[in-house]
Amino acid sequence: MTKKVPISSRKKHKITDFVGGDVSERTTTQRIAALVPNPSPVEVTSGDDFVWTRKDLLGLDQLSPQEIVHILDTAETFREVSTRSIKKVPALRGKVVALLFFEDSTRTRMSFELAASRMSADTLLLTSKGSSISKGETTLDTIKNIEAMGVDVFVIRHGESGAAQMVAKQVTGSVINAGDGSHEHPTQALLDIFTIRQRLGRLAGLKVAIVGDIAHSRVARSNILGLRKLGAEVVVVGPPTLVPNKITAMGCSVSHSLDEVLGEVDAINMLRIQFERFGGGLFPSLAEYSKLFGMTSARLKRCKKDVLIMHPGPINRGVELTSEVADGPNSCILQQVTNGLAVRMAVLYLVSQGKID
Amino acid sequence: MTNKKILIQNGRVIDPANDLDEVCDVLIAKGKIAKVGAANKTDLRGAEVVDAKGKIVAPGLIDIHVHTREPGHEEEETIASAARAAVAGGFTTICAMPNTHPPMDDEIAMHYVIQRSLEAAAARVLPVGCITKNREGKQLAEMGAMLAAGAVGFSDDGNGISDSSVMQRALQYASMLGAPILQHCQESSLFGGSMNSGAIAVRLGLGGIAASCEEIMLQRDLDLVKRTGAKYHMMHASSAGSVDLIRRAKAAGLPVTAEAAPHHLLFTDSACMDYDSNFKMNPPLRSAHDVEALRHGVADGTIDTLATDHAPHTREEKELEFALAPFGIISLDCALGLYAKAMIDSGACDWPTLIERMTAGPAKVINSELGTLTPGAAADVTIIDPKKRWTVNVDKFASISRNCPYDGMKLKGRAIMTIIDGQIKS
């Protein structure tokens, strides 16, 4: 009465139901499909009847092209505030903006601080040194304690990818990501994109090179996402130890030769080389890096005449770019900093109006 | 041990060790399997009758890879709570991994696990001892003494043995004892991220762990197994490359076995898109191609056993930034339904094959006589309702921890009765 158990079932099957994975995978694929290839380089506009609804700015990944343009257009209107003799508007009067810098920062912190004060908000500042962070409190405990003081907007800089998203799930106030690990730095990318649009008059159809440590760069990721959504082409440049091949899934191309891309790009964003990464042996020496991937006057001569040279700062002069390039007419490095203020005012203003997670 | 008679009637009795799959009765007496076949009037006399019509009657399920956390992290799990979670999930035997604090690397620790298991009086908990003292990967632990005290195998789980000469000695020594070496394949110099290396990790800005990190150590180990002839078991295979290496090693006649975990049969790395640390485990979730290869491996027998790698962590440990949260998730309470979802619902294999991978398969890995309904064997029986639809609810878990990505998942197939040594435990 016994029957052989078919232990070795070699029946071919098709896997169609990866739980959870399937759904996200499809979303990722669709997202990537939406990014590459670039359909038609037509300038995106947000439209007059556009209404901002988001309460958080976690990354450019979540934003539609219209939303990005809306932030840029809003920043345009706030730029004028800085030209007044009294550089203040009452837009956020009575609101509390907490600046939570779990990771050190100078310009982003000062830029947000000034942006908040120009909007008449009250600010709370937390930096990693000498705070509860250095006493071993978890990020969420720190956040919940500060939230209990009554905070409307959290601006968060954190060394770990996904930190802003983690916090946004736990608080009722707005969350602005001021840089999380190697993930995203949306306000930096927005100010970069704002500056390109301001200097070159458009974004669609442009080609932008991002040069340096792409693997660990949140600035690169946010720029790739934002620029692609607005119809620009992006090429990332660096040695294979700093440029993961799979970055092409985000819609950019990869080059390991700066010299090869020089002539074809409209803007070059030179990322900062972090000295602390030397220990990892990701490239042999600063001198060799600079020789292969540094921006010099000689290289600048081979670029388009009005090419834009950008850098998110702080600059290592003589490494990513020489002083002649950094301080020359093609450089827009300080303009980036100025525009950063307007962009952050716009973001603070918009998320305060937003309701939707 | 009990004198109680239990007669399980009219179930679909599946006992892969005896190539059995038929509707019949199973009689249990004095804690042993007394009879498998058609029951008569004598069998019925004084017996508690269990009607198993429409159900599967299988040997008690075995999970050889469970982190019971005791001693050292009783806030995450204890031997007793893990044993209760096992019973709830239909498991009659689990193996306790030795990466405790302190690590279980001596004879006394083996006695401790067995004693705690007896006190818990739930699922049988069998100890796995460390390969090396203090899990340091340097000096061999007293495997002979641990084996005599009840260890069923040896592992430095959580760490692979990096030093090739130490691994070679471990295999040589274990071959004398006939005990299996259970390896966590991970080449430490390549290890440095928190999820699978690939487009998703790049997108999320998280460090990646490539499949080659696992496969390089596996390949080395297989060469050493060829040299030593030792019994070798690869824990939690996660990649298509590993399945392929195991398949070829088996074809070459090497004494190797392998296991797969439910998460690697169900999810891809895109599940990490929301930075939910309940999708963070080591080895990490990989690609759809890897999931498919693992399912094929389970179906064709390249993968000998399914094992949860049940790894409890407290809420505060898991509620951290993705890269800072510890690796590991739990699934002992719901594993059977997960395996059914991955293998049966998808059409990858049938119930007899799946049950083989959870009974005779794991018993073979740990040289155990459990995992069968052969008359005279310990009366460990799991009754499964293959049609039962249910929803995972972590709040009802017997496990102390809640780090489970399956909460709310709808499953089909569940253990409805767990009998151990002739005692109905649930």
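Keep in mind that this is a model prediction, so the values were computed, not measured.
Contact of the E316(B) side chain with the T138(A) side chain is not registered, since no non-hydrogen atoms from C-beta on lie closer than 4.5 Å. Side-chain contact between S161(A) and L204(B): absent, with no pair of heavy atoms (C-beta onward) separated by less than 4.5 Å.
The side chain to side chain contact (heavy atoms under 4.5 Å, CB included) test with Y275(B) singles out one residue from K169(A), E160(A), Q165(A), and that residue is Q165(A).
Interatomic distance, CE of M166(A) versus OG of S277(B), reported as 9.5 Å (0.5 Å rounding).
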Criterion side chain to side chain contact (heavy atoms under 4.5 Å, CB included) on V202(B) and R221(A), from CA distance to verdict: CA-CA 9 Å; V202(B) 168; R221(A) 282 171 180 74; 4.0 Å; yes
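Between D61(A) and R203(B) there is a salt bridge, since a side-chain N of the basic residue sits under 4.0 Å from a carboxylate O of the acidic one.
Put simply, of D180(A), D141(A), I214(A), T139(A), the one with the most heavy-atom pairs under 4.5 Å next to chain B is T139(A). Heavy-atom pairs under 4.5 Å with chain B peak, among A215(A), P244(A), G162(A), at G162(A).
The neighbour count for K250(B) NZ, taken as heavy atoms of other residues, nucleotides or ligands under 6.0 Å away, is above 12. For NZ of K410(B), the number of neighbouring non-hydrogen atoms (other residues, nucleotides, ligands) closer than 6.0 Å is 12 at most.
Between E321(B) and A163(A) the shortest heavy-atom distance is CG-CB, 4.2 Å.
Both the backbone and the side chain of D274(B) come within contact range of chain A, each with at least one heavy atom under 4.5 Å from a heavy atom of that chain. Contact annotation for I247(A): both backbone and side-chain heavy atoms come within less than 4.5 Å of a heavy atom of chain B.
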